Amino acid sequence: MLPGMTDDAFAGDPLALFHEWIDGTEMALATAGADGRPSVRMVLLKSADERGFTFFTNYGSRKGRDLAENPHAALLFHRPGIQVRVEGGVARVAAEESDGYWTTRPPASRRSAAASLQSAEIGSRAELEAAVAAQPAEPPRPERWGGFRLIPEQYEFWRHRDDRLHERHLFVRRDVGWHVVLLQP
């Protein structure tokens, strides 16, 4: 049995339950621009705490542009036999927080992020590598790069069952606390 699979676990804090269920940083991020067209990609979760779920990227990337036009997103964490979906509004983190995280990245990652205009066309791999090589050893964080935080409005915890009667518990944020419902598979 997975941690937190008792009925009592679903009456509590969804963030605590998330941490019981999910180990690792891989997550799918789904966004949609002003045109409503969805886009999904894998990104790295950097933190999940009472403030929300934080990840970092180039603000000019497709996901960055989508979030500027439509500041709502969905996250999916998939592990064998379980899924956790988290949906909510998204906002940029403070520049100071982005600066702090920037300094923890390996130098090669900082040079790559500073050189890349993520999601923009480029003529060749050699052109990209030359742009990275032109970066200083310790580049400052570009204004176009930083963090986003998704503030959960709902969580869904899903567990596989061989009989297809999967377990689904939905937490919906209220003014005070969370409303929890059991969903049919």
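Values below: every heavy atom of this structure, side chains too, minus hydrogens, waters and symmetry copies. Just so we're clear, the structure is a prediction, and the values are computed from it rather than from any experiment.
Remark: the backbone N or O of Gln118 is not paired with any side-chain donor or acceptor of Ser61 at under 3.5 angstrom. Side-chain N or O atoms of Asn58 include one that pairs as donor or acceptor with a backbone N or O of Ser116 at under 3.5 Å. At least one donor-acceptor pair under 3.5 Å links the side chain of Arg41 to the backbone N or O of Ser39.
Two residues are said to be in side-chain contact when any heavy atoms from C-beta on lie closer than 4.5 Å; Arg168 and Gln184 fail this criterion. Considering only heavy atoms from C-beta on, Leu117 comes within 4.5 Å of Arg144 through its side chain. With a 4.5 Å cut-off on side-chain heavy atoms, Val84 and Glu156 do not count as touching. Residues Met27 and Val86 have side chains not in contact (no heavy-atom distance under 4.5 Å, counting atoms from C-beta outward).
Shown here are the salt bridge (Lys or Arg N to Asp or Glu O under 4.0 Å) partners of Asp49, two or more places apart in sequence or in another chain: Arg51. By the side chain to side chain contact (heavy atoms under 4.5 Å, CB included) test, Arg65 is found to be paired with Arg62, Ser119, residues two or more places apart in sequence or in another chain being considered. Residues meeting the side chain to side chain contact (heavy atoms under 4.5 Å, CB included) test with Arg92, sequence neighbours left out: Tyr59, Phe148. Residues satisfying the salt bridge (Lys or Arg N to Asp or Glu O under 4.0 Å) test with Arg164, not counting sequence neighbours, are none. Under the ring-ring contact (aromatic ring centres under 6.0 Å, His included) criterion, His166 pairs with Trp158, His160, sequence neighbours left out. Residues passing the salt bridge (Lys or Arg N to Asp or Glu O under 4.0 Å) test with Glu69, sequence neighbours excluded: none. Evaluation of the ring-ring contact (aromatic ring centres under 6.0 Å, His included) rule for Phe18 yields Phe53, Phe77 as partners, not counting sequence neighbours.
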Working for side-chain contact (heavy atoms from CB on, under 4.5 Å), residues His169 and Arg159: CA-CA 9 Å; His169 290 81; Arg159 183 174 74 148; over 6 Å; no

Lys63/Thr57 under side chain to side chain donor-acceptor pair (under 3.5 Å): CA gap, chis, key distance, verdict: CA-CA 8 Å; Lys63 63 186 153 304; Thr57 191; 3.2 Å; yes

Derivation and outcome, side-chain contact (heavy atoms from CB on, under 4.5 Å), residues Glu26 and Val43: CA-CA 6 Å; Glu26 305 85 17; Val43 298; over 6 Å; no

Check against side-chain contact (heavy atoms from CB on, under 4.5 Å), Leu44 and Phe55: CA-CA 6 Å; Leu44 296 177; Phe55 59 95; over 6 Å; no

Derivation and outcome, side-chain contact (heavy atoms from CB on, under 4.5 Å), residues Glu167 and Arg161: CA-CA 7 Å; Glu167 295 179 29; Arg161 290 185 54 149; 3.7 Å; yes

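Across every non-hydrogen atom of Leu76 and Arg85, the tightest pair is CD1-CG, 3.6 Å. The heavy-atom pair separating Leu150 from Ala74 by the smallest distance is CD1-N, 4.3 Å. Across every non-hydrogen atom of Leu165 and Pro185, the tightest pair is CA-CG, 3.8 Å. Between Ser98 and Val93, the closest heavy-atom pair is OG-CG2, 3.4 Å. Of all non-hydrogen atoms in Pro142 and Ala113, the two that sit nearest each other are CG-O, 4.4 Å. Nearest heavy-atom pair, Gln83 versus Trp21, reported as atom, atom and distance to 0.1 Å: O-CZ3, 3.9 Å.
Classification of Arg125 and Glu127 as a salt-bridged pair fails, no side-chain N sitting under 4.0 Å from a carboxylate O.
Expressed to the nearest 0.5 Å, how far CG of Leu67 lies from CG of Leu29 amounts to 6.5 Å. Atom CG of Leu75 is separated from atom OH of Tyr155 by 9.5 Å, given to the nearest 0.5 angstrom. Atoms CZ and OG1, from Arg37 and Thr31 in turn, are 13.5 Å apart once rounded to the nearest 0.5 Å.
Residue pairs meeting the ring pair (Phe, Tyr, Trp, His ring centres under 6.0 Å) criterion with at least one partner in residues 83-105, sequence neighbours excluded, are Phe56-Tyr101, Trp102-Trp145. Pairs passing the side chain to side chain donor-acceptor pair (under 3.5 Å) check and including a residue from residues 103-114, sequence neighbours excluded, read Arg110-Glu138. The salt bridge (charged side-chain N to carboxylate O under 4.0 Å, His left out) analysis of residues 169-185, with sequence neighbours excluded, yields no pairs. Applying the ring pair (Phe, Tyr, Trp, His ring centres under 6.0 Å) test to pairs two or more places apart or on separate chains, none has a residue in residues 119-144.
Through side-chain heavy atoms spaced under 4.5 Å, either directly or across other Ile, Leu, Val, Met, Phe, Trp or Tyr residues, Leu170 is tied to Val172, Val181, Leu183.
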